[in-house]
Amino acid sequence: MPELPEVETVRRGLEPSLLGRRIKDVILRRPDLRSAFPKNFRQEISGQKVMKLERRGKYILAVLENGEGFGLHLGMSGRIKIQELSRDQDFGLHDHVIFVMEDGVKIIFNDPRRFGQLFKIGPHWDSEKPFAKMGPEPLGKNFLKTGFGVKLKNKKAPIKTALLDQNIVAGVGNIYACEALFDAGISPLKKAGAVSSTQTEKLVRAIQSVLNKAIKVGGSTLRDHRKTNGEMGYFQHYFSVYDREGKACPGCDCNIAKTGGIRRVVQAGRSTFYCPRKQK
DNA sequence: CTACCATCCTGGTTGC
DNA sequence: TGCAACCAGGATGGTA
């Protein structure tokens, strides 16, 4: 489900219940998701207070008072639900992990497809496993100057495929890659290395703009994504190209019967949507 | 190094 | 209506 805007929406939704609060207990209702849960996870996390709640790419990181912490990734279908003051001990289908807070609030990690992750992090998580080589934060201050342009220049893959590479830019997934390329007027088929510096600057602005707009409305809900209070995001209503094959491109007033409208192709096994007239 | 592929899963949608 | 095939927002490890 989640790309950067959805993950950021979830992180913000978690803040009131998690940040500065103490975790009383962790209930693991199965031994693993994508990978096995860390040994002694429950013992090591229980009793700790959450000092920081951060996001890096599509990951949410909780730093605890002992300097250790944990990370989670929502995979394709992960959701976080917050249950206030419920004595109900019956959990729903696919409610795999439950953080029970000191004040009785339950934070539930639900994930039907089980592509999600839950893992431990150390004080220097930033230089560890998935984060060490991860690309820059697109909403960070110096996104363009943090090597994004250079990384693109060295890529032979199409620009769309490059945008999905978390080592080039963190947090962009299929939806926002398509939308950003449309906004920037760049064909997804163009080789990353052939994108000019002017186009790269335009792309940077387009990525930031589309991500910020999506965050503002709670992300995109296609099927699974929900805010922590259960509400849907509604950026899907603003899609220009994603999931709009054959429909009119906003900005093209051409005859759809002749042009076929928005086109869908498959790149690196993923659907790409674009307007061949607006994106060169 | 890069590109491509299969794989981990369930569930919603599509097409016969 | 029933059912099977296909598709999905991601990451990774293997192979060529």
Side-chain angles (χ1 to χ4, degrees), chain A residues 1-10 29-37 55-60 71-80 92-97 109-119 128-135 138 150-181 188-189 191-194 207 210-211 214-215 217-227 232-246 264-273:
Chain A
M1 83 177 228
E3 303 181 33
L4 189 153
E6 290 75 35
V7 176
E8 179 60 21
T9 298
V10 169
R29 301 188 64 230
R30 50 172 303 119
D32 55 44
L33 282 176
R34 181 191 168 80
S35 49
F37 296 143
R55 181 191 54 71
R56 179 80 173 95
K58 299 170 189 169
Y59 292 82
I60 292 174
L72 58 89
H73 191 292
L74 299 171
M76 297 274 269
S77 59
R79 283 173 58 176
I80 303 285
L93 188 61
H94 309 309
D95 285 349
H96 305 307
V97 180
F109 186 178
N110 177 286
D111 184 10
R113 280 179 81 179
R114 309 211 301 267
F115 285 5
Q117 301 171 51
L118 175 69
F119 55 96
E128 289 166 11
K129 318 170 195 177
F131 307 108
K133 292 196 305 172
M134 192 175 281
V150 177
K151 288 184 175 187
L152 287 187
K153 285 221 162 48
N154 298 327
K155 270 276 171 186
K156 288 174 190 167
I159 182 66
K160 157 65 166 27
T161 307
L163 289 179
L164 294 183
D165 184 343
Q166 299 301 296
N167 295 326
I168 290 182
V169 50
V172 175
N174 208 30
I175 292 177
Y176 299 102
C178 292
E179 293 295 314
L181 284 169
L189 309 175
K191 296 283 172 223
I207 291 170
V210 74
L211 294 179
I215 290 170
V217 299
S220 305
T221 297
L222 293 185
R223 39 174 72 84
D224 301 306
H225 169 64
R226 289 291 187 289
K227 301 202 249 177
M232 303 197 304
Y234 57 95
F235 190 73
Q236 64 279 10
H237 300 305
Y238 299 109
F239 288 169
S240 297
V241 289
Y242 184 80
D243 206 18
R244 290 176 45 80
E245 182 180 16
R264 173 185 176 271
V265 295
V266 174
Q267 294 180 283
R270 320 290 301 278
S271 288
T272 297
F273 300 87

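As a basis for the values below, the full set of heavy atoms in this structure was taken, side chains included, without hydrogen atoms, waters or symmetry mates. So that the names make sense, note that chain A is the first sequence line, chain B the second, and so on, each numbered from 1.
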Under 3.5 Å, N/O pairs linking protein and nucleotides 13-16 of chain B:
none

Short heteroatom pairs, N/O only, protein and nucleotides 14-16 of chain C, under 3.5 Å:
none

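Rounded to a whole angstrom, the distance from the P atom of C:dG9 to that of B:dT14 is 15 Å. Nucleotides B:dC9 and C:dC3 place their P atoms 26 Å apart, quoted to the nearest Å. Straight-line distance between the P atoms of C:dC6 and B:dA6: roughly 13 Å, to the nearest whole Å.
For the pair A:Leu33 and A:Gln117, the tightest heavy-atom approach, listed with the atom from each and the gap, is CD1-N, 4.4 Å.
For A:Ser77, no side-chain nitrogen or oxygen approaches OP1 or OP2 of B:dG11 to under 4.0 Å. Not one side-chain nitrogen or oxygen of A:His73 sits closer than 4.0 Å to the OP1 or OP2 atom of C:dG10. Residue A:Arg264 places at least one side-chain N or O under 4.0 Å from the OP1 or OP2 atom of C:dA8. Distances shorter than 4.0 Å separate none of the side-chain N or O atoms of A:Arg270 from OP1 or OP2 on C:dA8.
A:Leu33 comes within 4.0 angstrom of nothing in the nucleic acid, heavy atoms only. Residue-level contact check: A:Thr161 touches neither bases nor backbone, having no heavy atom under 4.0 Å from any strand. Within 4.0 Å of A:Arg30, counting heavy atoms only, lies no atom of the nucleic acid at all. Residue-level contact check: A:Tyr242 touches the backbone only, with heavy atoms under 4.0 Å from sugar-phosphate atoms and none from bases.
The CG-P distance, from A:Asp165 to C:dG10, rounds to 12 Å in whole Å. Put simply, CG on A:Asp111 is 11 Å from P on B:dT10, counting in whole angstrom units. C:dG9 atom P lies 17 Å from atom OH of A:Tyr59, rounded to whole Å. A:Leu164 places its CG atom 10 Å from the C1' atom of C:dG9, with the value rounded to the nearest Å. In this structure, the CZ atom of A:Phe119 is 10 Å from the P atom of C:dT12, given to the nearest Å. Distance, A:Gln236 CD to B:dG12 C1': 16 Å, rounded to whole Å. In this structure, A:Tyr176 atom OH and C:dG9 atom P are separated by 12 Å, rounded to whole Å. Atom NZ of A:Lys58 and atom C1' of C:dG9 are 8 Å apart (whole Å).
Stem analysis of DNA chain C (at least three stacked-register Watson-Crick or G-U pairs, each with both distances under 3.5 Å) gives B:2-8 with C:10-16, B:10-16 with C:2-8.
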Can you give each donor-acceptor pair under 3.5 Å made by side-chain atoms of residues 233-243 of chain A, sequence neighbours left out, with the distance rounded to 0.1 Å?
from: A:Gln236; atom 1: OE1; to: A:Thr221; atom 2: N; distance (Å): 2.9
from: A:Gln236; atom 1: NE2; to: A:Thr221; atom 2: O; distance (Å): 3.4
from: A:Gln236; atom 1: NE2; to: A:Gly233; atom 2: O; distance (Å): 3.0

Ignoring hydrogens and angles, write down the donor-acceptor pairs under 3.5 Å from the side chains of residues 156-163 of chain A, residues two or more places apart or on other chains.
from: A:Lys160; atom 1: NZ; to: A:Asn174; atom 2: OD1; distance (Å): 2.7
from: A:Lys160; atom 1: NZ; to: A:Thr272; atom 2: OG1; distance (Å): 2.9

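Closest to the A:Asp224 side chain, of the nucleotides B:dT10, C:dG9, C:dT12, is C:dG9.
With rounding to the nearest 0.5 angstrom, the OH atom of A:Tyr176 is 14.5 Å from the CG atom of A:Leu181.
No donor-acceptor distance shorter than 3.5 angstrom exists from the side chain of A:Asp224 to the backbone of A:Gly78, with no hydrogens or angles considered. Side-chain atoms of A:His225 come within 3.5 Å of backbone atoms of A:Gly218 as a donor-acceptor pair (strictly under, hydrogens ignored).
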**Item:** Protein proximity profile, nucleotides 3-9 of chain B - base contact B, sugar-phosphate-only contact S, no contact -, cut-off 4.0 Å on heavy atoms
**Value:** S----BB

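Comparing A:Ser271 and A:Gln166 against DNA chain C, the residue whose closest nucleotide sits nearer the 5' end is A:Ser271.
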